[in-house]
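Note that this is a predicted model, so its numbers are computed, not measured. Counting convention: from 1, in listed order, for ligands and their atoms alike. One-based numbering along the sequence shown. Excluded from the calculations below are hydrogen atoms, water molecules and symmetry mates; all remaining heavy atoms, backbone and side chain alike, are included.
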Amino acid sequence: MNSAPLNSNQLKAQAQRLGFVACGIAPAEPVQEWYAQGFRRWLQLGFQADMEYMQNHVEMRLQPALLHPGVKSIVSLALNYMPTHQQPGISLYAQGKDYHDVMKERLRQLMTEAGLQGRCFVDTAPVLERYWAWRCGIGEFCQNGLISVPGYGPTVFLGEIFAEQEADAYDEPLSPASERFTGWESLCPALTPQGLDARLCLSYQTIENRGELPHDIHLKRTFYGCDKCLRACPQFKESHPTTEQAFQPSDELLGMKEEDWRALTPEQYKVLFKGSAVKRAKYEGLIRNISKWKKQ
Ligand code: SF4
């Protein structure tokens, strides 16, 4: 096992060469109490809807050492996903290849190059990724709960490395955690002062909900995900197109018109969304969404 401390400057330079737009490091301490309290309250309110996995391993989410014994440092990293062009029916983040695959491969590459022992995570383990992005100083909380990376806005994917080495220097948050979720209810009822109520969120409903869509849900601009609060975020003006080819939509996806979506077959779906995050909704889920989509 490599016991030399992690060289923070070298790691950040390596991360930049690999295309990460931000990299920060924090000691692997338990999540701070103010955030832990907010998270527990959010669960008590049932705002996680049917995402039962959010209720599991709560203590593991709050104490990194329970998820990966031996962890000393947490490295938070961001990739810019803002595509150059957009297929309008689909949320900006899902225009290209599945970010889980792209980010995971990139994190592994960084671990190998930097000689890091530990594990890396992309949205699939009990890790509070927005908290760690804030704590590691790579982004600030937007009032709608998103993380915005200076110079890149909130259109970023986040990933984490739980490293078994201590670092020679740690980062601090860019700013104190400001009050979140205030003044957004008029934009969207899902953005309550207590946090995002997934039950009312179109992103949750169109991607995670495996059952019927509530009858009072109306899909207008998008039928997969929702970018309304992302676009309304004041920091969205900092978002600009990524150089990552993997996050650009294919010509076939860009060429899809409303009538093509309404006639989408399972075979076309498979070809169109090969390696895409849109597969999470499955063919049946996407067709269910499209049938509720009333473009204006
Ligand atoms: S993604 Fe859309 S529905 Fe969900 S909180 Fe934001 S604006 Fe509301």
Undergrad: Once you measure the plane-to-plane angle for Tyr131 and Tyr35, does it fall in the parallel (<30°), tilted (30-60°) or perpendicular (>60°) bin?
TA: tilted
Undergrad: Enumerate the atoms of ligand 1 whose separation from the nearest heavy atom of Lys228 is less than 4.0 angstrom.
TA: 7 (S)
Undergrad: To which protein heavy atom is atom 4 (Fe) of ligand 1 closest, and what is the distance rounded to 0.1 Å?
TA: Cys201 SG, 2.4 Å
Undergrad: When the ring planes of Phe121 and Phe162 are compared, do they come out parallel, tilted or perpendicular, using 30° and 60° as the limits?
TA: perpendicular
Undergrad: Return the orientation label for the His240 and Tyr152 ring planes: parallel under 30°, perpendicular over 60°, tilted otherwise.
TA: tilted
Undergrad: Are Arg40 and Glu59 ion-paired here, with the side-chain N under 4.0 Å from a carboxylate O?
TA: yes
Undergrad: Could you find the nearest protein heavy atom to atom 3 (S) of ligand 1 and give me its residue, atom name and distance?
TA: Leu202 N, 3.1 Å
Undergrad: What protein heavy atom lies closest to atom 2 (Fe) of ligand 1? Include the residue and the distance to one decimal.
TA: Cys226 SG, 2.3 Å
Undergrad: Could you tell me whether atom 4 (Fe) of ligand 1 has an N, O or S atom of Cys188 under 2.8 Å away?
TA: no
Undergrad: Taking it one step at a time, do Ile74 and Ile25 satisfy side chain to side chain contact (heavy atoms under 4.5 Å, CB included)?
TA: CA-CA 6 Å; Ile74 293 183; Ile25 314 165; over 6 Å; no
Undergrad: Write out the residue and atom name of the closest protein heavy atom to atom 6 (Fe) of ligand 1, then the distance separating them to 0.1 Å.
TA: Cys229 SG, 2.3 Å
Undergrad: So if I count the atoms of ligand 1 from 1 in the order they appear, which ones are less than 4.0 Å from some heavy atom of Leu196?
TA: 5 (S)
Undergrad: Check the orientation of Phe39 and Trp42. Use parallel for under 30°, tilted for 30 to 60°, and perpendicular for over 60°.
TA: parallel
